[in-house]
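Notes for the one structure printed next.
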Amino acid sequence: MSNVRTRFAPSPTGYMHIGGMRTALFNWLWARHNGGQFILRIDDTDQERNLSEALGPILQAFKWLGLDWDEGPEVGGEYGPYFQSERNDLYRAAVDQLLTEGNAYRCYVRTDEIPSGRDEKLEFMRQRPSLKLSQSELDQYEAEGRPSVVRLKVPHDQIVKIEDAVRGHVEFDTNLMIDPVILRANGTPLYNLATVIDDAQMQITHVIRAEEHLSNTPIQVLIYQALGYDLPQFAHIPFVAAPGGKEKLSKRKLEKYRKSPQFKKMFDKAESVFPRIGLENAGGLDPVMVEYYEKIGYLPEAILNALARLGWSLDDKTENMSLDKIIENFTLDRIVKSAAGLDPDKLLSFQSHWMNQLSLDEKVERCSPFLENAGLVQDASVPEIKQRISQVILGMEDRLKVASDILDFDEFFVADDQLEYDPKAFKKRIQKSAEAVILLGKLKDQLAKADDFGAGALDKLLHDFVDAEEIGMGQIIHALRVSVSGKGTGIGMFDCLAILGRASCVRRIERAIALAQGT
RNA sequence: GGCCCCAUCGUCUAGUUAGGCCCAGGACAUCGGGUUUUCAUCCCGAAAACAGGGGUUCAAAUCCCCUUGGGGUCACCA
């Protein structure tokens, strides 16, 4: 394949859609696989909003995931400009060409003149009333400044055939098509025109986009042909569906997703994490946005891996793949045809895999900002604090999946007298058992005078204690865990004690006993 | 509704282009057992699918037709 050029053309909406990201990724992968170029072009034809504000998060998503672009905003390129709003001359020139060559015409029909029924509308528009206007009528319209749009003259009795890289052969009957508007009355181009001009002028070889674009592809093909351009290779990939369904993942259905069992845990996570790191209202973030995953502590490797596996596979068994491995193996013919639902569980499992590939220092680096933003540590770079974070992460082992999971282990970062006890665990393990309180008291005394407070020594101390008291480990360890950590579950008991240190353990046990006795 | 697309375990998928190697393989989730005298892991195991009906063929998940189901799209949006 010689010099492959692909592109992704987002419109600046203020956020990057996770499904759009997958489409962008496929384009990027195909370009990289072939040593070609990936172009970012901004479809900003309706310039309502503040562009930099609306574009920022989109570029940020690409940067976060490490998907670089060879041409586009910030980097320029020889086929620019890369903002559609700056390319009007190109569109006008193309429209003029279509007009003079008779492949398009000015249409003066007002929208209120078009019949409403589908068949009636098609029949009416196929007559092309504006082409039947006499010269004097035309002159009159011009004179009175009657608004007009430019429509593409769709040839009748023709079958438009498309050879799609993932769909195969698809055809459309032009007799069912209404001449599409390509230039608005205000002189700005419509998507179908702009995208063709841009793709052709930018020498795009492969148009890889979501399948919802399949139905306006025939219009584009007709424009390509009318303008004498070569057709690019089309590849209509399935869209990303909402978890547990086949419906296109959409920002408009957020409320529905909130109630979906598959989706719920992602919203729950947002609710538990975002407020703690100072993002009010979850920072306006939701799982449809790429930014959600960044802010909650997912790894780019995991998102990329999950997105790549959504609608594409290497073979019958490979699941975990680095970006390099994906680039090496990515081909269009292995793209799946049907829509695939985003699976939060599977995503989390990819995340877990990639988190485990990180060194301890890297994990510390990922988790520290969460502790700082939650106010649990002042400055994570202070050696003693960094040391403690490292120890906790080490103790967390596979419990650390998403970087923000560190917040679930805040017992290692709060002052002893600030430790909150989970009421349920406290009641079950300590309050309800008079024996537990007595045992805790005895154990505390032993801990207070232990020579060695390392995990290994504590392990032995506990076992000796249990033997001496002639009880089972289960009779003390749960009470101990709750009293020092406030929780019923957590990292390994001995690591937990060792990390907290003798003074904290003793104080916390004393406090728990006092609380249990109601003093 | 018209047009178009899609259809393998609950989910993501392999297998479909070149029919037999598939009474269908992997992963996630689920369930059971073992390890861990705590928690999480880990290990082992189980359950779980070719939407239905017709063809073609010695042979069909794979090819053809029909039905059903799901989805997308029908703008002077992109």
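Convention: sequence-line order gives letters A, B, ...; per-chain numbering from 1.
R184(A) has a side-chain polar atom (N or O) that falls below the 4.0 Å cut-off from OP1 or OP2 of A78(B). Residue K246(A) places at least one side-chain N or O closer than 4.0 Å to OP1 or OP2 of C12(B). Put simply, S215(A) has no side-chain N or O that comes within less than 4.0 Å of OP1 or OP2 on C74(B).
Here K248(A) lies in heavy-atom contact (under 4.0 Å) with sugar-phosphate atoms only. Within the nucleic acid shown, G244(A) has no heavy atom closer than 4.0 Å to any nucleic acid atom. V149(A) comes within 4.0 angstrom of a base, heavy atoms only. As judged by a 4.0 angstrom heavy-atom cut-off over every strand, N216(A) is placed among the base-contacting residues. Heavy atoms of A340(A) sit under 4.0 angstrom from primed sugar atoms or phosphate atoms, though from no base atom. At a threshold of 4.0 angstrom between heavy atoms, the contacts of H213(A) include nucleobase atoms, whether or not backbone atoms are also involved. Within the 4.0 angstrom heavy-atom criterion, no nucleotide atom of any strand lies near R209(A).
Separation of the P atoms belonging to A61(B) and G53(B) is 12 Å when rounded to the nearest angstrom. Atom C1' of G19(B) sits at a distance of 15 Å from the matching atom of G55(B), rounded to the whole Å. Taking the P atom of each, U30(B) and U11(B) are spaced 15 Å apart, rounded to whole Å. For the P atom pair drawn from C74(B) and C65(B), the interatomic distance equals 28 Å after rounding to whole Å. If you take atom P in U35(B) and the same atom in A40(B), they sit 16 Å apart, rounded to whole Å. Comparing the P positions of G33(B) and G54(B) gives a spacing of 44 Å, expressed to the nearest Å. Taking the P atoms as reference points, G15(B) lies 15 Å from C22(B), given to the whole Å. The separation of C4(B) from C12(B), taken at their P atoms, amounts to 26 Å, rounded to a whole angstrom.
Residue pairs meeting the salt bridge (charged side-chain N to carboxylate O under 4.0 Å, His left out) criterion with at least one member in residues 465-483 of chain A, sequence neighbours excluded: K442(A)-E469(A).
Side chain of T217(A) to main chain of L214(A): a donor-acceptor pair is present (N/O by atom type, distance under 3.5 Å, no hydrogens or angles). Counting only distance, with no hydrogens or angles, the side chain of E301(A) and the backbone of L323(A) share no donor-acceptor pair below 3.5 Å.
Comparing N192(A) and E211(A) along RNA chain B, the residue whose closest nucleotide (by nearest heavy atom) sits nearer the 5' end is E211(A). In this structure, M493(A) and E171(A) both approach RNA chain B, and ranking their closest nucleotides by distance from the 5' end singles out E171(A).
Using a 4.0 Å cut-off on heavy atoms, the residues of residues 456-475 of chain A that approach RNA chain B are H463(A), M473(A), listed by number.
Nearest nucleotide to the R118(A) side chain, out of G1(B), C76(B), U41(B): G1(B).
Side-chain atoms of R184(A) and T188(A) form a donor-acceptor pair, as typed in the model, at a separation below 3.5 Å. Side-chain contact check for Q220(A) and N192(A): at least one donor-acceptor pair (N or O, by modelled atom type) lies under 3.5 Å.
Nucleotide A47(B) has no partner under the Watson-Crick or G-U criteria, as no pair reaches both atom distances under 3.5 Å. In this structure G69(B) sits in a base pair with C6(B), meeting the Watson-Crick or G-U test at under 3.5 Å. The pairing partner recorded for U17(B) is none, the criterion being a Watson-Crick or G-U wobble arrangement whose two distances lie under 3.5 angstrom.
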**OP:** Would you give a per-nucleotide map of nucleotides 26-35 of chain B, 5' to 3', where B means the base has a protein non-hydrogen atom under 4.0 Å away, S means only the sugar-phosphate does, and - means neither?
**Re:** BBSS------
Original post:
How does protein reach along nucleotides 16-22 of chain B, written 5' to 3' as B (base within reach of a heavy atom under 4.0 Å), S (only sugar-phosphate), or - (no contact)?
Top reply: -------
Side-chain donor-acceptor distances from residues 239-246 of chain A under 3.5 Å, at least two apart:
residue	atom	partner	partner atom	Å
K246(A)	NZ	A339(A)	O	2.9

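Taking Y293(A) as the reference, Y298(A) meet the ring-ring contact (aromatic ring centres under 6.0 Å, His included) condition, with sequence neighbours excluded.
To the nearest 0.5 Å, atoms NE2 (H236(A)) and CZ (R209(A)) are separated by 4.0 Å.
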